[in-house]
Amino acid sequence: QVQLVESGGGLVQAGGSLRLSCAASGRIFSTYAVAWFRQDPWKEREFVAAITRSDDITYYADSVKGRFAISRDNAKNTVNLQLNSLKPEDTAVYYCAARTLYYYCSGYDCLSEYGYWGQGTQVTVSQ
């Protein structure tokens, strides 16, 4: 079992930055691919970024490419998401997830492949 806890969300003006952190307990985080997803009340949960388990290759949604950066800190057993140049449309609850399946999805953006989820952290970007 893996327990995930996100932190670092908050209210920021457009153009600002936030750093989200996902802390894991229960197992070594580096053995899992980890992704960030986000959801606002009017949309389905969507993929934001992912980092692979063995070689730390990163993937990003087109909407955040060049603005967000995902990274690992194995010493702290965390995965971080740096959010820069934030826009109002980035407003959402951000969730981290650890991938437990590699059956149906060749990429890293399929929600069904992630078996462990955190409770989410709210990011609100004002005009």
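Counting from 1, the numbers follow the sequence of the chain as shown. Computed from a predicted model, the values in this text were never measured in an experiment.
The closest donor-acceptor contact from the side chain of Gln39 to the backbone of Ala92 lies at 3.5 Å or more, if one exists at all. Side-chain N or O atoms of Thr52 include one that pairs as donor or acceptor with a backbone N or O of Ile57 at under 3.5 Å.
Gln127 approaches Ala14 most closely through the heavy-atom pair C-CB, 4.4 Å. Scanning both residues, Leu11 and Ser126, for their nearest heavy atoms gives CD1-CB, 4.4 Å. Considering every non-hydrogen atom in both Val12 and Gly16, the closest pair reads CG2-CA, 3.8 Å. In this structure, Asp40 and Lys43 approach most closely via the heavy-atom pair OD1-N, 3.0 Å.
Looking at heavy atoms from C-beta onward, Gln122 lies in side-chain contact with Thr124 at the 4.5 angstrom threshold. When side chains are defined from C-beta on, Tyr95 does not count as touching Leu4, because their heavy atoms never get closer than 4.5 Å. Put simply, the side chain of Tyr94 reaches to within 4.5 Å of the side chain of Leu83, judged on heavy atoms.
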Quiz item: When you look at Asn80 and Asp73, which way does the side chain to side chain contact (heavy atoms under 4.5 Å, CB included) test go after all the steps?
Solution: CA-CA 8 Å; Asn80 303 308; Asp73 186 337; 4.3 Å; yes
Practice problem: Determine, step by step, whether Lys87 and Asp90 satisfy the salt bridge (charged side-chain N to carboxylate O under 4.0 Å, His left out) criterion, reporting the C-alpha distance in whole Å, the side-chain angles of both residues, the deciding distance to 0.1 Å, and the verdict. | Solution: CA-CA 5 Å; Lys87 305 175 182 180; Asp90 294 319; over 6 Å; no
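Here the CD1 atom belonging to Ile51 is positioned 13.0 Å from the SG atom belonging to Cys96, to the nearest 0.5 angstrom. In this structure, the separation between OH on Tyr104 and OG on Ser112 is 8.5 Å, given to the nearest 0.5 Å. Between atom CZ of residue Phe29 and atom SG of residue Cys22 there is a gap of 4.0 Å, rounded to the nearest 0.5 Å. If you take CZ on Arg99 and SG on Cys105, they are separated by 5.5 Å, rounding to the nearest 0.5 Å. A distance of 7.0 Å separates CZ of Arg67 from OG of Ser85, quoted to the nearest 0.5 Å. Residue Thr121 holds its OG1 atom at 11.0 Å from CG of Leu81, rounded to the nearest 0.5 Å.
Each of Val93 and Val64 belongs to its own hydrophobic cluster when Ile, Leu, Val, Met, Phe, Trp and Tyr are linked at side-chain heavy-atom distances under 4.5 angstrom. Note: the hydrophobic cluster containing Tyr116 also contains Val34 (ILVMFWY, side chain heavy atoms under 4.5 Å, direct or indirect links).
Residues in residues 39-85 take part in these ring-ring contact (aromatic ring centres under 6.0 Å, His included) pairs, two or more places apart or across chains: Phe37-Phe47, Tyr59-Tyr108.
Applying the 6.0 Å contact sphere to CZ of Arg53 captures no more than 12 heavy atoms from other residues, nucleotides or ligands. Counting non-hydrogen atoms of other residues, nucleotides and ligands closer than 6.0 Å to OH of Tyr102 gives a total above 12.
There is a side-chain donor-acceptor pair under 3.5 Å between Asn84 and Gln82.
In summary, of the residues considered (Glu46, Glu6, Glu89), a salt bridge (charged side-chain N to carboxylate O under 4.0 Å, His left out) with Arg38 occurs for Glu46 alone.
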